[in-house]
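Everything numeric in this text was worked out from a predicted model, so none of it was measured.
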Amino acid sequence: MRLDKLLCDMGAGSRSQVKQMIRKGLVTVDGEPVRRPEEQVEKEQRVCVEGKSFSYVDLEYYMLYKPAGCVSACTDKRCQTVLDLIPDRKRKDLFPVGRLDKDTEGLLLITNDGKLAHFLLSPRRHVDKTYKVRVRGELTKDHVEAFREGLDIGEERPTLPALLKIHTSGEISEAEVTIREGKYHQVKRMFQAVGCEVLYLKRISMGSLRLDESLRPGEYRALTKEELLGLQKEIEV
């Protein structure tokens, strides 16, 4: 791999910035200065820019507890993005797998693995996504049945069957809902269709991946080998 490409991929700077740093002698490979941007390096070699190491990583996977008020985007001129919350990421090409509304919190997978993202987001795969929800309005067994049958939310077709588990019911009700699609504002629109207003929404799982209960809003960690293996097994099914 070209030295300038490796450094660019690892977020050391733009291609032009990286080339300038190399030509100025600010970059070393295995401790030796290298001044040619086109120098071929192995991924295992130790590359440093002014003493800071930039080890090569092909794919990265982070579990993020997205806080409310943060946008599910790579860049935004006005709002904090989910990528802003991961300052020690190595790759510059990471992206959120799917979106959570600005006021919705919970599990979000951040990666640069396009194949995995396509699997999790593909409408044909119907990957389960579970949310904790608090709504204004009393939830009943009739709502459970309505969610199971599919709801008219103004789309061409009703929603796919969804699983609603009621935890508490009253003027303010709490529940968990599992959907198998990802339509725009789907959970909010489903509850609206049965006369309830969503006050709080938190995604707790996506496929086999479940939000780590030790994480607080805004915190993140790398996926474990077991979690990644579980997702990869789902792709193979």
Side-chain angles (χ1 to χ4, degrees), residues 8-12 52-123 125-134 174-188 198-235:
C8 191
D9 285 350
M10 294 301 103
K52 181 180 179 181
S53 179
F54 285 86
S55 56
Y56 185 84
V57 175
D58 188 24
L59 296 170
E60 287 191 284
Y61 305 87
Y62 293 101
M63 175 190 296
L64 172 69
Y65 186 157
K66 177 196 170 298
C70 185
V71 296
S72 300
C74 296
T75 59
D76 192 285
K77 294 181 179 180
R78 295 176 296 176
C79 301
Q80 183 183 49
T81 74
V82 291
L83 289 188
D84 293 333
L85 299 174
I86 308 180
D88 60 350
R89 64 189 186 275
K90 293 183 173 63
R91 302 277 318 188
K92 71 169 188 178
D93 56 353
L94 299 185
F95 56 87
V97 179
R99 292 178 176 271
L100 291 178
D101 299 339
K102 186 177 180 180
D103 60 349
T104 299
E105 62 180 56
L107 173 66
L108 196 59
L109 175 62
I110 309 293
T111 186
N112 61 324
D113 187 337
K115 181 180 178 181
L116 176 60
H118 176 74
F119 165 79
L120 291 172
L121 300 176
S122 173
R125 294 286 187 173
H126 303 312
V127 174
D128 285 354
K129 293 169 279 288
T130 300
Y131 298 79
K132 283 188 176 181
V133 60
R134 185 182 305 123
E174 295 185 350
E176 283 186 18
V177 59
T178 300
I179 62 174
R180 311 192 74 191
E181 306 168 277
K183 297 181 185 296
Y184 181 69
H185 288 173
Q186 181 171 339
V187 174
K188 294 178 181 178
V198 171
L199 304 175
Y200 171 79
L201 191 60
K202 173 184 175 181
R203 183 159 68 190
I204 58 175
S205 69
M206 186 176 188
S208 63
L209 190 62
R210 191 168 184 85
L211 182 64
D212 187 334
E213 294 182 357
S214 69
L215 292 178
R216 297 182 178 180
E219 293 183 339
Y220 68 96
R221 65 165 173 77
L223 291 195
T224 65
K225 291 182 179 179
E226 291 76 17
E227 289 167 339
L228 184 54
L229 182 61
L231 291 173
Q232 291 172 339
K233 284 183 176 178
E234 288 185 275
I235 294 177

Between [Y] and [X], is there a side-chain heavy-atom distance shorter than 4.5 Å?
| X | Y | value |
| --- | --- | --- |
| E227 | D212 | no |
| T111 | L59 | no |
| Y131 | I179 | yes |
| L120 | R125 | no |
| Q232 | L228 | yes |
| Y61 | L116 | yes |
| T104 | V187 | no |
| K66 | E105 | no |

Would you give the length of the straight line joining atom [atom1] of [X] to atom [atom2] of [Y], rounded to the nearest 0.5 angstrom?
| X | Y | atom1 | atom2 | result |
| --- | --- | --- | --- | --- |
| L201 | K132 | CG | NZ | 12.0 Å |
| C74 | D84 | SG | CG | 10.0 Å |
| I110 | L85 | CD1 | CG | 8.5 Å |
| E219 | L64 | CD | CG | 10.0 Å |
| R221 | I86 | CZ | CD1 | 12.5 Å |
| R203 | L211 | CZ | CG | 10.0 Å |

Can you name the nearest heavy-atom pair linking [X] to [Y], along with the distance?
| X | Y | value |
| --- | --- | --- |
| S205 | R210 | CB-NH1, 4.0 Å |
| M10 | V57 | CE-O, 3.3 Å |
| F95 | A117 | CE1-CB, 3.6 Å |
| P96 | L108 | CB-CD2, 3.9 Å |
| L209 | L107 | O-CD2, 3.4 Å |
| L215 | Y65 | O-CD1, 3.2 Å |

Query raised in the report: Does the side chain of Y220 come under 3.5 Å of the side chain of D88 through a donor N or O and an acceptor N or O?
Result: yes

Is a donor on one side and an acceptor on the other found under 3.5 Å between the side chain of [X] and the backbone of [Y]?
| X | Y | result |
| --- | --- | --- |
| E60 | K90 | yes |
| S72 | L100 | yes |
| N112 | D58 | yes |
| E234 | S208 | yes |
| R89 | L83 | yes |

Query - Residues D76 and K102 bridged, charged N to O under 4.0 Å - result: no

**Report entry** Verdict with supporting geometry, V97 and D113, side-chain contact (heavy atoms from CB on, under 4.5 Å)
**Finding:** CA-CA 9 Å; V97 179; D113 187 337; over 6 Å; no

Query raised in the report: Is it true that atom CZ of R91 has more than 12 heavy atoms of other residues, nucleotides or ligands lying nearer than 6.0 Å?
Result: yes

Query - Whether over 12 other heavy atoms sit under 6.0 Å from H185 NE2 - result: yes

